[in-house]
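One structure is given here, and the rest of the page talks about it.
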Amino acid sequence: MAEAKKLGGAGLRGQVAGETALCTVGKTGTGLTYRGYDITDLADNAQFEEVAYLLLRGKLPNQQELDAYKQKLQSLRTLPDALKTVLEQIPKNAHPMDVMRTGCSMLGNLETENDFSEQDDKIDRMLAVFPAIITYWYRFAHEGIRIDTSATESDSIGGLFLELLHGKKPSELHERVMNVSLILYAEHEFNASTFTARVCASTLSDIHSCVTGAIGSLRGPLHGGANEAAMELIQKFQSPEEAEAGLMGMLARKDKIMGFGHAIYSESDPRNVIIKKWSEKLAQEVGDTVLYPVSVRCEEVMWREKKLFCNADFFHASAYHFMGIPTELFTPIFVMSRVSGWTAHVKEQRANNRIIRPSAEYTGPESEEWLPIDQRS
Ligand SMILES: CC(=O)SCCNC(=O)CCNC(=O)[C@H](O)C(C)(C)COP(=O)(O)OP(=O)(O)OC[C@H]1O[C@@H](n2cnc3c(N)ncnc32)[C@H](O)[C@@H]1OP(=O)(O)O
Ligand SMILES: O=C([O-])CC(=O)C(=O)O
């Protein structure tokens, strides 16, 4: 059995900051479970909507409940006109994570959560409409097209995203990979963005504020933004040999290699083996002979040289790329998924709340004498 990573030091590492019944990360060194279900079982067998239901409602749905839930989500894909107007003002060169943040915040203005009894409906609305927000903006900004986000065939959130992005229903394989990807990204205990959401929830703020703040935390390259950075890295190399030489140079310069390492896992991220398998399948489908082998070589070099392993983000880069998804939309997909985990945590926090307010170790001067402004240097 793998040993749990020794935790301590800066970044609140290793400190228990609250309780959760939602998820275990690296409990035995490598594992990941959502409400007790192993991530591999979920990725092999579940639909993302089933997993969202599990996280948000506390149990796996039966067939009737799942059908009703999917139908409800399908009925919530329409964008309010005022939100479309806002999205149309956002420039083409904006970062899509900023679009998500603004989109979520604007939704909160238009469909405000006035009372916590409305939380489930507000959460379902966000789950259903986030793919519409990002693709509406993207296609308007890049192609000048105003898409109708409710005139869609796909009954899944992953399928919906690809359908809106490409203007046609995705293949079964691509819809399946999106489904797996959304499951893998759905929940991860007290990661930075989820903790952001919980801190916000602990002040008894509204659900859109919690999610808007979480989007901001996920945007950074040390967290969700790493899948985009990983893509930029692997695209630099034309062959595994070039990748090896390039990585050795980066390591010698002590560069950070995005898509590797983890704050909690010590020797592997259980999501990697799953998305890697799907990336390989997609590579075969598109006849790729560069990106996938380059990615595999990066994985080998990083382990050999530094004992650093691919986290969930690394093979997501090639998998998304093979499905024709522009790199800048990678992290917004993470949002479409993680909104389920964030909001499940908000519900959990609200159900047993105390404002989150840790203390700081003071490192400033002991005591300073007040100087009038004209006597200061
Ligand atoms: C879905 C997700 O959000 S997964 C995370 C996505 N983020 C990334 O992929 C960004 C790249 N990775 C990293 O920056 C880090 O590994 C993090 C942020 C994920 C975790 O950070 P930490 O918990 O501080 O890492 P950890 O304590 O294991 O680091 C140990 C050492 O390995 C180094 N290291 C860790 N990850 C990397 C990396 N990807 N590349 C190069 N060196 C690394 C650290 O700099 C540190 O070196 P030091 O002791 O000389 O300072
Ligand atoms: O747990 C973390 O720190 C980061 C991570 O992998 C995630 O949020 O999925």
Side-chain angles (χ1 to χ4, degrees), residues 3-15 17 20 22-27 29-34 39 42-43 51 55 97 181-198 214-234 246-276 295 298-299 301-317 319-320 330-342 344-345:
E3 288 221 350
K5 188 170 176 177
K6 209 164 173 227
L7 299 167
L12 294 179
R13 202 70 82 258
Q15 300 188 31
T20 185
L22 288 163
C23 179
T24 61
V25 173
K27 207 169 164 198
T30 55
L32 170 61
T33 63
Y34 300 168
I39 192 64
L42 294 172
V51 170
L55 293 170
M97 284 298 277
S181 165
L182 295 175
I183 290 173
L184 297 182
Y185 273 146
E187 163 56 13
H188 221 241
E189 201 221 33
F190 277 18
N191 61 84
S193 56
T194 300
F195 197 60
T196 303
R198 279 193 87 128
I215 292 171
S217 287
L218 188 68
R219 185 190 193 292
L222 293 190
H223 193 7
N227 54 16
E228 296 179 21
M231 188 68 220
E232 279 148 26
L233 174 76
I234 58 176
L247 275 191
M248 293 301 284
M250 289 175 79
L251 290 175
R253 291 192 299 276
K254 299 209 177 309
D255 289 351
K256 199 146 246 193
I257 319 289
M258 297 307 176
F260 286 87
H262 200 272
I264 304 295
Y265 298 121
S266 55
E267 56 184 52
S268 67
D269 179 332
R271 299 166 295 184
N272 177 53
V273 62
I274 301 171
I275 195 61
K276 182 180 173 186
S295 304
C298 290
E299 185 179 32
V301 171
M302 289 297 285
W303 185 252
R304 186 188 73 214
E305 297 297 321
K306 288 276 166 195
K307 291 286 171 280
L308 282 169
F309 52 89
C310 296
N311 58 47
D313 280 331
F314 192 70
F315 277 92
H316 262 106
Y320 287 161
F330 289 3
T331 320
I333 302 174
F334 200 153
V335 174
M336 287 173 217
S337 161
R338 186 58 60 88
V339 65
S340 59
W342 290 332
H345 276 274

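Any value given below was found using the heavy atoms of this structure, including those in side chains, with hydrogens, waters and symmetry copies removed. Just follow the structure's listing: the first ligand is 1, and inside any ligand the first atom is 1.
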>> Just by distance, no angles: are the side chains of S217 and S193 close enough, under 3.5 Å, to form a donor-acceptor pair?
In response: no
> Of all heavy-atom pairs between L233 and I257, which one has the smallest distance, and what is that distance?
Replying inline: CD2-CG2, 3.7 Å
> Based purely on interatomic distance, does R271 place a nitrogen or oxygen under 3.5 Å from a nitrogen or oxygen of ligand 1?
Replying inline: no
> What protein heavy atom sits nearest atom 3 (O) of ligand 2, and how far off is it?
Replying inline: N191 CB, 3.7 Å
> Without hydrogens or angle criteria, can the side chains of E189 and H345 be said to hold a donor-acceptor pair below 3.5 Å?
Replying inline: no
> Where do F190 and R198 land on the side-chain contact (heavy atoms from CB on, under 4.5 Å) test, with the steps shown first?
Replying inline: CA-CA 9 Å; F190 277 18; R198 279 193 87 128; 3.6 Å; yes
> Has K307 got its NZ or CZ under 6.0 Å from the middle of the six-membered ring of W303, at an angle within 45 degrees of the ring axis?
Replying inline: yes
>> In this structure, is the centre-to-centre distance between the rings of F314 and F260 below 6.0 Å?
In response: yes
> Looking at ligand 1, does K306 have a heavy atom less than 4.0 Å from it?
Replying inline: no
>> At less than 4.0 angstrom from any non-hydrogen atom of G259, what atoms of ligand 1 do you find?
In response: 8 (C), 9 (O)
> Any idea which atoms of ligand 1 are less than 4.0 Å away from a heavy-atom of A263?
Replying inline: 20 (C), 23 (O)
>> Any donor-acceptor pair under 3.5 Å linking the side-chain atoms of H316 with those of S181?
In response: yes
>> If I compare all heavy atoms of L42 with all of V51, which pair ends up nearest, and what's the gap?
In response: CD2-CG2, 4.2 Å
>> Can you see whether D313 engages Y185 through a side-chain donor-acceptor pair at a distance of less than 3.5 angstrom?
In response: yes
> When you measure from atom 8 (O) of ligand 2 to each heavy atom in E189, R271, R338, H262, which option holds the nearest one?
Replying inline: R338
>> Within the 4.0 Å heavy-atom shell around D255, which atoms of ligand 1 are there?
In response: 41 (C)
> What protein heavy atom sits nearest atom 1 (O) of ligand 2, and how far off is it?
Replying inline: H188 ND1, 2.7 Å
> How does A229 reach ligand 1, if at all, at less than 4.0 Å between non-hydrogen atoms: by side chain, backbone, both, or neither?
Replying inline: neither
>> For H188 and Y34, I'd like to know if the aromatic rings sit close, meaning centre-to-centre distance below 6.0 Å.
In response: no
>> I'd like to check whether H223 has a polar contact with ligand 1, where a contact means an N/O of the residue lying under 3.5 Å from an N/O of the ligand.
In response: yes
>> Please list, in number order, the atoms of ligand 1 under 4.0 Å from a heavy atom of R13.
In response: 22 (P), 23 (O), 24 (O)
> Going by heavy atoms, is G225 under 4.0 Å from ligand 1?
Replying inline: no
> If you count the atoms of ligand 2 from 1 in the order shown, which ones are under 4.0 Å from a heavy atom of H223?
Replying inline: 4 (C), 7 (C), 8 (O)
> Which heavy atom of G261 sits nearest a heavy atom of L308, and at what distance?
Replying inline: CA-CD2, 3.9 Å
>> Which of the numbered atoms in ligand 1 are under 4.0 angstrom from any heavy atom belonging to M258?
In response: 9 (O), 10 (C), 11 (C)
> Under 3.5 Å, side chain of E228 to main-chain N/O of T331, donor-acceptor pair present?
Replying inline: yes
>> Only heavy atoms of A226, strictly under 4.0 Å: list the atoms of ligand 1 that pass.
In response: 6 (C), 7 (N), 8 (C), 9 (O)
> Can you list the ligand 1 atoms lying under 4.0 Å from a non-hydrogen atom of F334?
Replying inline: 1 (C)
> Does R13 approach ligand 2 within less than 4.0 angstrom via side chain, backbone, both or neither, non-hydrogen atoms only?
Replying inline: neither
> Of the backbone atoms (N, CA, C, O) and the side-chain heavy atoms from C-beta on, which set of L308 has a member under 4.0 Å from an atom of ligand 1: side chain, backbone, both, or neither?
Replying inline: side chain
>> With respect to L222, determine whether any N or O atom, backbone or side chain, lies less than 3.5 Å from an N or O atom of ligand 1.
In response: yes
>> Using a 3.5 Å cut-off on N or O atoms only, is F260 in polar contact with ligand 1?
In response: yes
> Any idea which atoms of ligand 1 are less than 4.0 Å away from a heavy-atom of I257?
Replying inline: 11 (C), 38 (C), 39 (N), 40 (N), 41 (C)
>> How close do L22 and L55 get, counting heavy atoms only, and between which atoms?
In response: CD2-O, 3.6 Å
